[in-house]
Amino acid sequence: MNNWNKQIADMLADGTVALVIGYEEGSTPQKTRPLFCHDAVAAERLVMDGRCTHNLAVYLTKKELLPAEGRIGVVATVNVLKSALQLMQENQIPEGRFLLMAVGPEGKLTELPDAESLRQYIAAHPLPDNPEVAALIEKIDAMSREERWAYWQECLSKCVKCYACRAACPLCYCTRCIVEDNRPQWILPWASTLPNIEWQINRVMHMAGRCTGCGACYAACPLHLPIHLLTKKLTQEINREFGTERPAKGNVLSTFSPDDKENFIH
Amino acid sequence: MKNYQIKHSDLDGWLEKIIAAGRRVIAPVTEEGHTDFRPIHSPAEVAADDQVQTIQSAKQAAFPKAETLFSYRKEGTAVSLDQPAPESYLQTVVWRARPCDAAGFTPLSAIFNWDYKDNLYNARLARTTLVAFSCQQADAYCFCTSVGGGPGEKKGCDILVTKLPSGKALVEVCTEKGEALAALAPGLFSEANAVADDSPLFAEKQSALAQLPARFSKEDIRRHLAEAFDSPVWREQSERCLGCGACAFVCPTCACFDIQEDPHGSHGRRIRCWDSCAFALFTQHTSGHNPRPSQATRWRQRILHKFSYMPERLDATGCTGCGRCSRACPVDMNLLEHLTSIAQK
Ligand code: SF4
Ligand code: SF4
Ligand code: SF4
Ligand code: SF4
C-alpha cells in the first residue's frame, strides 16, 4: 500500500473523514473509475495517476450520496480542485465540508481544507492547454459562417440526447434543468438536429464564464461529439471581453457593479 | 432455409447489389476513430471488420431515437389526424450487425407487442433485414454466452455470415427476408455454392468464433434477484452512476420511450423518443413524489427489469450481453462485473 493510501485509511479509521471519493482501477488497464471509500479497507483500492480523468467534483453536489455528518475527503486532480473551487464560489458547497487532497509526484498527500488553499494550489499547478483542442478550435474558426453551421449541424445530428454531457459536468447541478421545463417548453426534448443544437446552445450559455475546461462533458459523450469545443470557445470569448481574472463570488455574466462603464446599470 | 459458401471478397459485391436494389443500408462506419451504424451508399464506406462493436445498437432500425406518431391540424371545429403510413417506411438492411444485435430484437418485439401491438415498431421491423456477422473477437465487456447467446448464434438473424480462415464465408440464411436478400445476387447464392447440413464448414465456423466462456447463467441471476430487492448491493454498485441515459440509449433491448408534443398553434405532431430509467425525472409524479427517489433505486430497476421482470412477464431476457452499456458509460459501470458479483453473492 502507498503511504498516501495508508494516510487516507487512517483518516477513515479515526473518523477524520466519513467518506473518501477517489479513483480505483477500471475495467481495462487503460481506465480508472470513481470510487467511494466508506472504510479503511476500501482505501487500499485508491489509485492516482494520469489515467484519473473523471471530474469527481460532480459528486459533491449529490446530497443522496454524501453522509449527513462528518467531512468528506476527495482525492482530487487539478481539474477536480478547479471545479470544487468554482462550486464554493457559487455557494453550492460549503467550505470545510470537503477535505480536498492532492497527491504529489512522490505520493505526498497535500490537504487543501479551504478555498484559499485551493486557489493557491491551482495557481501553482497550471494545466497545459490541450493542443488538439486548440487546433480544432482554430480549424472551426477558420470556417465561414455557413461551413461552421454545416459542421455543427452534421455533428449534433448524431446527438441522442442522453444528457451524459450534463450529468458529467460538476457545474450542471440544477435539480431542475431547463430542458425538463415544459411550461413553456423552452427546448424541444427529443433528439433531432435543431433541438440538439438548442440543447447545446443552452448548455454552453449556462457555462459561459463558469466552465473550468475540464473536458468531462466530452469524455462522457457516448458519441464522442466534440461539445467541449463550444464551452472552450465561449471561455475564450469571455476572457477576451472580461479578462482572465474571475470574481471570488459570482460569475462574470451574473454579477454587476454599480460603477459599470455601460450606462444600462444607472 | 439454405446455407451457402462464398468468398470473403464477394461480400462487397453482394452489398453493392443490395444497395443497387434501393434498400436503405445501415452499416458500421468509422469516423474520427469511432465506429457506429450510419446509412451508407457504397461498400467502401463500411468500416474495416476489426472492431468488436458499434457504439449504438441496431435497434434504431425499428425503434428510432425520435419518430412521429401522428400529426394533427385543426380548422375551425374540425380536427384532422394524419398517421404515418407504414408502407412508406424504407426497406432497410442492417449490414454487419452482431449476433447480440440480432438477439436484441426478441426482447424488443416482446415489449412492443406485450399488451398493445405497436404498429409502427412492427412495420419498421417487418421492413428490416438483419445481416449479422459472427464475432471473431470479444472484449472485456462482452458476455453474450452468459445470457443465452453466442458469437455465432443465429437466433434473431435474417442472415448470419461467418468469415472462415480459409477465405470462405459461410452464409446461413435464416428467414424469408434473408432469402430475399440472397436472391439479389443469384450468381453467388447458387446451387453450386449451397452448403449441406453436415458440411465440415460448420466445424470450421466453430473454430473461427471468439472464445467467450459463460461467467454466470440467467437462472443464477434470477434466483439471486428474487431476494435482492432490499439488498445494499444497489447502492454499493450505483454510487458512481451519474444518472445519464447513455447505457439505455446504446442498448439493443432498452425500449423505454417518452411521448412529446410539437405544437404549432392549430397544428402539430406527437413524437415518441427514447427515454431512460436512469433519469431522475423518469418516474417523477406531478405531485413531486418519486417512487424511485435515488440513483440506487433506479439502478435496481434497470437490473430487475432486464433480468427478473422481463423473464417473468415476457419470457424474454432484457439483455443480450453486448456490453455496449458498459463501453458507453462515462463512469465505467461494468454490467458483466456487477452481474457476476450478484451471481456470486
Ligand atoms: S468542460 Fe464541460 S464538463 Fe467541464 S466544466 Fe466545462 S462544460 Fe462542464
Ligand atoms: S452526451 Fe453527447 S449524445 Fe448525449 S446529450 Fe450530450 S452531446 Fe448529445
Ligand atoms: S444491458 Fe448492456 S449488455 Fe445488456 S443488452 Fe443492453 S447494452 Fe447490451
Ligand atoms: S451510462 Fe453509466 S452513468 Fe449513465 S446512467 Fe448508465 S450506468 Fe449510470
Side-chain angles (χ1 to χ4, degrees), chain A residues 19 21 23-38 53-56 58-59 62-65 154-155 158-169 172 175-177 179-180 182 184-185 188-193 195-196 216-226, chain B residues 31-34 36 38 55-56 60 64-68 139-141 235-236 238-250 257-263 271-276 278-281 284 293-297 323-337:
Chain A
L19 165 73
I21 309 175
Y23 302 90
E24 68 170 338
E25 290 295 334
S27 296
T28 67
Q30 292 79 37
K31 276 188 178 180
T32 64
R33 63 189 177 206
L35 173 69
F36 285 65
C37 300
H38 296 275
T53 51
H54 294 97
N55 195 333
L56 303 180
V58 72
Y59 298 116
K62 291 190 191 297
K63 293 206 174 59
E64 70 177 60
L65 294 175
E154 149 70 13
C155 169
K158 296 171 196 157
C159 165
V160 291
K161 282 255 174 95
C162 67
Y163 297 128
C165 46
R166 175 183 69 174
C169 176
C172 264
T175 45
R176 179 148 193 169
C177 177
V179 296
E180 278 140 14
N182 58 2
Q185 186 86 61
L188 299 178
W190 55 89
S192 92
T193 308
N196 297 347
C217 46
Y218 170 59
C221 176
L223 279 303
H224 308 281
L225 306 179
Chain B
E31 285 169 2
E32 316 264 346
H34 304 291
D36 204 1
R38 301 253 176 271
I55 298 170
Q56 297 186 74
Q60 52 189 303
K65 59 187 181 180
E67 69 183 322
T68 302
D139 68 9
Y141 307 101
R235 187 181 158 104
E236 287 160 20
S238 71
E239 270 180 319
R240 66 178 181 273
C241 171
L242 298 171
C244 66
C247 51
F249 287 8
V250 299
F257 56 78
D258 195 7
I259 308 267
Q260 291 284 350
E261 290 295 319
D262 183 20
I271 285 169
R272 164 159 79 191
C273 55
W274 292 349
D275 204 345
S276 165
F279 291 142
L281 208 66
Q284 183 146 315
S294 60
Q295 210 56 46
T297 53
R324 282 194 172 85
C325 52
S326 316
R327 288 183 207 96
C329 176
V331 290
D332 194 30
M333 292 280 276
N334 184 320
L335 186 58
L336 168 59
E337 192 185 315

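Everything quoted here is computed from the prediction, not taken from an experiment.
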Original post:
Using non-hydrogen atoms only, which part of A:C217 is less than 4.5 Å away from chain B: side chain, backbone, both, or neither?
Top reply: neither
Subject >> Residues in salt bridge (Lys or Arg N to Asp or Glu O under 4.0 Å) contact with A:E25, at least two apart in sequence or another chain >> reply: A:R51
**OP:** For the pair B:E337 (side chain) and A:S27 (backbone), establish whether a donor and an acceptor sit closer than 3.5 Å, ignoring hydrogens and angles.
**Re:** no
Subject >> chain B contact via A:V160 - which portion, at a heavy-atom distance below 4.5 Å >> reply: both
Subject >> Part of B:R324 within contact of chain A (heavy atom distance under 4.5 Å) >> reply: neither
Original post:
Which region of B:D139, side chain (C-beta onward) or backbone (N, CA, C, O), has a non-hydrogen atom less than 4.5 Å from a non-hydrogen atom of chain A, or is it both or neither?
Top reply: neither
Original post:
So which of B:A246, B:P263, B:S238 has the largest heavy-atom pair count under 4.5 angstrom toward chain A?
Top reply: B:A246
Subject >> Interface moiety of B:P293 toward chain A, non-hydrogen atoms closer than 4.5 Å >> reply: backbone
Subject >> Part of A:K62 within contact of chain B (heavy atom distance under 4.5 Å) >> reply: side chain
Original post:
Checking A:F36 against chain B: side chain, backbone, both or neither under 4.5 Å from a heavy atom?
Top reply: both
Subject >> Closest approach of A:E180 to B:L281 (non-hydrogen atoms, all atoms of both residues) >> reply: CG-CD2, 3.3 Å
**OP:** Would you name the heavy atoms of A:A167 and B:C244 that are closest together and state the gap between them?
**Re:** CB-CB, 3.8 Å
Original post:
From B:E32 CD over to A:H224 NE2, what is the distance, rounded to the nearest 0.5 angstrom?
Top reply: 11.0 Å
